[in-house]
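Since the structure comes first, as structure tokens, the remarks are kept for the end.
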Amino acid sequence: MKVRALIADTFREIYAKKVILGIVVIEVLTLVVTGLVVGMLSDSYDNARTTTSSSFITTVEYDSTEAHDTTADRLLSIAEDSAAITATPADTTTPSKILEITPADSVQLRSASNQESLVTEMVRGQLAAYSTLVGVAVFLLAIFATAGIVPSMMEKGTIDVLISKPVDRAMLLFGRTLGGIIAVGANLLLFVLGIFAIYGFFSGIWLTSFVVWTFLISFFGFLVFYSFVVCMNILSESWVLPMSLSYIHIFLFSSFLSNREDTLYLFITSPILQTIIDGLYWILPQPFDLVEANRSLIFSGMITSYAPFIQGAIFILVMSAVAVWRFRRKDF
Amino acid sequence: MANTAIQINGLEKIYKGSGRKSQPIHALKPLELDIPQGQIFGLLGPNGAGKTTLVKLLLGIVFPTNGTATIQGRAAGTTAAKQIIGYLPENHRYPSYLTGFGVLRYFGQLSGLDTPTIQRRSAELLEIVQMSQWANTRIRQYSKGMMQRIGLAQAMLNNPDVIFLDEPTDGVDPVGRREIREVIAELKEQGKTVFLNSHLLSEVELICDRVAIMNKGELVRMGTVKELTATQKLWRIEVEQSHQQQLSLLSPRIPTATVTNNVMLLTAETLSDVNHAIDTIRSAEILVSAVRPERQSLEDLFIDIITEGGAK
């Protein structure tokens, strides 16, 4: 009940200060513009679907033991729907099946398979780009919206009454920050779902991987930076300083540190300095790499490195521990 | 001690200097103090005397450098102790987007009260502090006096045994002050202990059972208002109006006496000095109409103590 009261009060404060309202307005405008742009692009999706191909598909070989061979499944499904195509395996004794297609039907199959895939790739590419925008917007707007939550609690005249109540200090901090986190999470999820719905409606491609990865990774990135902001809120009793440091890191240091070998090390040759820079890369959050991981997951469903996630999780733990430790011992 | 509400043993607070060269600040020098249950205890002192630091130490808002304190036997600053206290801080700030009732509901929830209790207590207390008609108005529209009333209701919400009030009548008009004094007196009737920080000496004089005066982080005087304001050295001897001229002629014969009209003020170390002065007056056949020890007002005493000589 106490944590619920703190969360509810944080919501009230965020909405009373109209910060979230401002962000919602920005998001709605973004969705409207996205809707207009994607609406115009819908013609190009249709064109891609109806474009004929000069190439002919005569056979498709696929592994019948592979349960999730989506391309083969899709082709087989299309073939079965077409009366002119016989979807009879050429050889029933081996797991490998051959789908034989007559030349007359190959055009139909080509346009229904490859061109569908082309549209998917178009949407996938656009949403991957969008995921970068969402990631950056979350870092920028969500930190702005939540950076003042803890300092406003620590103002004289406010904190005195709160601490005089039978609530553990760690719970006070937890309740307040959780309120901010839930508000940002809900907001982010709605925005991502909005983009997902717009693309799904106009392109017919419902790319759930975009919703899952963009939400989870952007939210995780927000948690990484918010843990830093809260910790600095408590240490410095300021909201401007941690917010400024976060922005500087996100927009400046992060990309240099992630691409240090192609940028910084071109003119920094000292092994000692390079070691220090390497150390900074591993100590500080890696938003640039998180955004890249998001794009990669949307594009290919694969991830090249788990390092930004592991580093981020450790960073959250360390920042949270320092914040709680300091808050519980602070004189107000 | 069963009937001790607040027990303080060697409580001390030293703030580290914020800059590299700044000196540590000894906000509270080691303090021993017992406050019995059911009393209204007034704490006086100039700004920076250590009053607020003492209250904050008792509430766990700041941590002691040394010493301990208990509230009704529970270690000060713990969740257990906070369950039986209420606090109205000076310059309190409640979320401006809440209504008066919203403030009570929020802090009631943080106090661990259930919803029916919060609703019942809120209605009672809003009535007591005469804020019922403003219960659903956002507090950003409240005056200072209304904020104090809501703050007082907030401090009493969990029906605490010990209530800390820091300048409860600050910004309140004279009628409102009287009402708040009545509320405090009612709390005492209910057996509550009230710890009152106030600059309004006349108010403290009116309602406090015991008063402590702090200066420069030290407790310099404590007692009942009567004990503190009685000065054993100063006596007032009044004579008949018709004899005032004779009295003024007599004054050089009595050391430490000053005469104004028909009143002689006498600084006497012992009762025999007073009687000697009366004998001298009577030997001149002057009719004495009254002899009584002179009392200082609490304000006089406070200023005496705060000025360097008084403090010593």
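Note that these values count all heavy atoms, side chains included, but never hydrogens, waters or copies made by symmetry. Letters go in sequence order (proteins before strands), and every chain restarts at 1. On a predicted model such as this, the values are computed, not experimentally measured, just so you know.
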TODO: Give a yes or no on this: more than 12 heavy atoms of other residues, nucleotides or ligands lie within 6.0 Å of atom CD1 of A:I272.
DONE: no
- [ ] Output the option from B:P89, B:G151, B:S111, B:A155 having the highest count of non-hydrogen pairs under 4.5 Å with chain A.
- [x] B:S111
TODO: Nearest 0.5 Å please: distance from the CG atom of B:L110 over to the CG atom of A:L172.
DONE: 7.0 Å
TODO: Determine whether more than 12 heavy atoms belonging to other residues, nucleotides or ligands lie under 6.0 Å from atom CZ of A:R4.
DONE: no
Task: Most contacts with chain A, counted as non-hydrogen pairs under 4.5 angstrom, among B:F107, B:Y97, B:Y15 - done: B:Y97
Open item on the list: So for atom CD, which belongs to A:E155, do other residues, nucleotides or ligands contribute more than 12 heavy atoms lying within a distance under 6.0 Å?
Closed with: yes
Task: Student check: side-chain heavy atoms of A:K156 and B:N91 closer than 4.5 Å - done: no
Open item on the list: Quiz question: by atom type and distance under 3.5 Å, do the side chains of A:K165 and B:Q109 form a donor-acceptor pair?
Closed with: no
- [ ] Would you mind reporting whether A:I163 and B:K82 have side-chain heavy atoms less than 4.5 Å apart?
- [x] yes
- [ ] Sort B:T115 into side chain, backbone, both or neither according to what part of it lies under 4.5 angstrom from a heavy atom of chain A.
- [x] both
- [ ] Flag yes if more than 12 heavy atoms outside A:F253 fall under 6.0 Å of its CZ atom; otherwise flag no.
- [x] no
Open item on the list: Does anything in residues 8-25 of chain A reach chain B? List residues with heavy atoms under 4.5 Å apart, or say none.
Closed with: A:D9, A:R12, A:E13, A:A16
- [ ] Determine whether more than 12 heavy atoms belonging to other residues, nucleotides or ligands lie under 6.0 Å from atom CZ of A:R169.
- [x] yes
Task: Separation between OG1 of B:T79 and CG of A:D168, rounded to the nearest 0.5 Å - done: 5.5 Å
TODO: Apply the test side chain to side chain contact (heavy atoms under 4.5 Å, CB included) to residues A:V161 and B:Y106: give CA-CA distance (whole Å), side-chain angles for both, the deciding distance (0.1 Å), then the verdict.
DONE: CA-CA 11 Å; A:V161 187; B:Y106 176 43; over 6 Å; no
Task: Positions in residues 317-332 of chain A that reach chain B, provided some heavy atom is under 4.5 Å away - done: A:R328, A:R329, A:K330, A:D331, A:F332
TODO: Tell me, for B:F63 versus chain A, whether the close heavy atoms (under 4.5 Å) come from the side chain, the backbone, both or neither.
DONE: both
Task: Pairwise distance OG(A:S164) to NE2(B:H92) - rounded to 0.5 angstrom - done: 12.0 Å
Open item on the list: If the condition is side chain to side chain contact (heavy atoms under 4.5 Å, CB included), which residues does B:E179 pass it with, not counting sequence neighbours?
Closed with: B:Q130, B:R149, B:V175
Task: Contact class of B:L113 relative to chain A, heavy atoms under 4.5 angstrom - done: backbone
Open item on the list: Quick check on the structure: residues of residues 130-148 of chain A within a heavy-atom distance below 4.5 Å of chain B, by number.
Closed with: none
Open item on the list: So for B:L88, is it side chain, backbone, both, or neither that comes closer than 4.5 Å to the heavy atoms of chain A?
Closed with: neither
